[in-house]
Colleague: 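Got a structure here, written out as structure tokens. Questions coming.
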2 protein chains.
Amino acid sequence: MQTDCRNCPFKTIATSMLSECSLDQLSNNHLELKLKKGESIIKQGTYSTNVVFLRTGLAKIHIAGPYTEQIVKMVNAPSYLGLPTTFGSKINQYSVTAVSDAEVCYIDLEVFQNILDENKEFTREIIQEFCKNELESFNRCANRTQKLIRGNMADAILDFADKIFKSDSFTLPLSQTEFANLVDTSRESVSRVLAEFDKDGIIKVNGRQIDILNKKSLILVSQNG
Amino acid sequence: MQTDCRNCPFKTIATSMLSECSLDQLSNNHLELKLKKGESIIKQGTYSTNVVFLRTGLAKIHIAGPYTEQIVKMVNAPSYLGLPTTFGSKINQYSVTAVSDAEVCYIDLEVFQNILDENKEFTREIIQEFCKNELESFNRCANRTQKLIRGNMADAILDFADKIFKSDSFTLPLSQTEFANLVDTSRESVSRVLAEFDKDGIIKVNGRQIDILNKKSLILVSQNG
DNA sequence: TATAGATTGTGATGCATATCACAAAATAAT
DNA sequence: ATTATTTTGTGATATGCATCACAATCTATA
């Protein structure tokens, strides 16, 4: 299915800087797909020469660790996916899976590379993106390894509220097992800490529905455990 | 001090793809410095608009975690340093420190950006580099958080041997405290595990001199703890 | 609407490793 | 050389959290 990228209402900042010509090239060389919650977008170990544009929806990036699957981070639209793994190697080095219904566009690497070559502003934005990701990656890793579970859980909840849903009330798009993989802990601990936060009046938990009641406390927990 | 970058024998793959013109631009717009072991190259929290080229020597990238300083990774020459933090923000988001005597070139961000704009091949290589780093970052984080100390220590030792020194005999360029910050553990544990590995005949430890005696065992420990 | 499978809640136990506390070496500074 | 400072070795103790075990829900699917 080919749609006109010029009129796509879901452009990233980078994409909005493309020349008409490059947008046309994109239009003619992408495959648009509607995915349902839980469907795979990129699969680790699989051969691929496509960059993916997440047009709408929410996805998790996850990687097979030495013992368990680790959720590296959550990504919401609009965003490019799989740049590191597609540029770096023909075999995908991590997986991306939709955690909500989503629309994605598969773009051939050669086309993407060509667009990079021809659009300086676009390239700058993409490089900015890489830099931001690398910094976030450093910080996330330092936090995860140094903070106690309560701190990491608080971080994750704040992240969902501020970065993903932009609201202090939301329904977790992950099971407790997945949530555990995101904050590097066990499923049981997730359950316990969520109950603790609820008992302390910091959040209200109702199934997967989470309402932040006392954000200041939550930030304090994030800082001190 | 301005030297001619054309004749610099320490180019990265990326740099070797620059046009004569861009090389001249580099030559006229960089500051070359000789640093001694322990001296700071980039300092977190400090204002900077320079990209750094590590011409010779070995450096550590480190970041202030919530509780302790974490060594993110070791980098040896030739390599660019500080791209993520310089592109992303004017304030350095992490530190880089020489752990051996080193030569570095400071390049103004504007000049570097201009060189990116004018050299497609160079840009491709730099992007490749970003991709490689991000993948490594994902894996390093998954390993660090999931593996036990012995596994992470084994990884670090193998990394020094294979990636940094390209030899199974080397002297650690870090104190045990720093080594602990690299593998996310305590100084005491580093001491103990090093003694264990020695006792088991996997490595020979003599002060900071390390000789890998049984690489297969070391790899096994890396995989299974 | 019944039934199987997945998800969640919660106690009891064990373990890896941090922390504390010093002593012994090794380096650096005077 | 001598003293001060940093680095390292090693035992004892404490603790955060994983793991195990099983019951209670909740959710798909026949």
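In what follows, every chain begins at residue 1, and chains take the letters A, B, ... in the order their sequences are listed. The basis for the numbers below is simple: all heavy atoms, side chains too, and nothing from hydrogens, waters or symmetry mates.
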Colleague: Nearest to the B/A195 side chain among D/dT7, D/dG9, D/dT10, which nucleotide is it?
Modeller: D/dT10
Colleague: Assign B/S189 to base, sugar-phosphate, or nothing according to its heavy-atom contacts below 4.0 angstrom with the strands shown.
Modeller: sugar-phosphate
Colleague: If I take atom CD in residue B/Q176 and atom C1' in nucleotide D/dT10, what distance separates them, rounded to the nearest angstrom?
Modeller: 12 Å
Colleague: Can you measure B/M153 atom CE to C/dA16 atom P for me and round it to whole angstrom units?
Modeller: 17 Å
Colleague: Go through C/dG9, D/dC17, D/dG9 for me and flag the one nearest to the A/R187 side chain.
Modeller: C/dG9
Colleague: Among side-chain atoms of A/T85 and A/Q93, is any donor-acceptor pair under 3.5 angstrom?
Modeller: no
Colleague: Contact between B/L83 and B/I126 at the side-chain level, heavy atoms closer than 4.5 Å - yes or no?
Modeller: yes
Colleague: In whole Å, I'd like the distance from the CD atom of B/E196 to the C1' atom of C/dA16.
Modeller: 12 Å
Colleague: Less than 3.5 Å between a donor and an acceptor, one on the side chain of A/R192 and one on the base of D/dT19, is that the case here?
Modeller: yes
Colleague: Which nucleotide wins on minimum distance to the side chain of A/E188, given the candidates C/dT8, D/dT19, C/dT19?
Modeller: D/dT19
Colleague: Report the nucleotide, chosen from C/dT17, C/dT8, D/dC17, that has the shortest atom-to-atom distance to any side-chain atom of B/L148.
Modeller: C/dT17
Colleague: Does any non-hydrogen side-chain atom of A/K147 lie less than 4.5 Å from one of A/S222?
Modeller: yes
Colleague: Distance check needed: C/dA16 P versus B/D184 CG, whole Å only.
Modeller: 19 Å
Colleague: Between B/T185 and C/dA18, is there a contact of a side-chain N or O with OP1 or OP2 at under 4.0 Å?
Modeller: yes
Colleague: Evaluate the ring planes of A/F53 and A/Y80, with Trp represented by its six-membered ring, and classify them as parallel (under 30°), tilted (30 to 60°) or perpendicular (over 60°).
Modeller: tilted
Colleague: Just the rounded figure in Å: distance from P of D/dT19 to OH of A/Y67.
Modeller: 11 Å
Colleague: According to the interplanar angle, ranging from 0 to 90°, do the rings of A/F165 and A/F170 count as parallel (below 30°), tilted (30 to 60°) or perpendicular (above 60°)?
Modeller: parallel
Colleague: Could you check whether A/R150 gets within reach of a base, just the sugar-phosphate, or nothing at all, counting any heavy atom under 4.0 Å?
Modeller: nothing
Colleague: So, do B/T15 and B/T12 sit near enough that their side-chain heavy atoms are less than 4.5 Å apart?
Modeller: yes
Colleague: Among C/dT8, D/dT7, D/dT19, find the nucleotide with the atom closest to the side chain of A/S186.
Modeller: D/dT19
Colleague: Between A/E196 and A/K199, is there a salt bridge with N-O shorter than 4.0 Å?
Modeller: no
Colleague: Measure from CG on B/D198 to P on D/dG9 and round the result to the nearest Å.
Modeller: 10 Å
Colleague: Is any NZ, NE, NH1 or NH2 atom of the basic residue among A/D162 and A/K215 found under 4.0 Å from an Asp or Glu carboxylate oxygen of the other?
Modeller: yes
Colleague: With sugar-phosphate meaning primed atoms plus P, OP1 and OP2, does B/S175 contact a base, only sugar-phosphate, or nothing at under 4.0 Å between heavy atoms?
Modeller: sugar-phosphate
Colleague: Rounded to whole angstroms, how far apart are NZ on A/K147 and P on D/dG16?
Modeller: 17 Å
Colleague: For the helix from C/dT1-D/dA30 to C/dT30-D/dA1, figure out the bend between the end axes, five pairs an end, and round to 10 degrees.
Modeller: 50°
Colleague: Return the value, rounded to whole Å, for the distance between atom CG of B/N152 and atom C1' of C/dA18.
Modeller: 15 Å
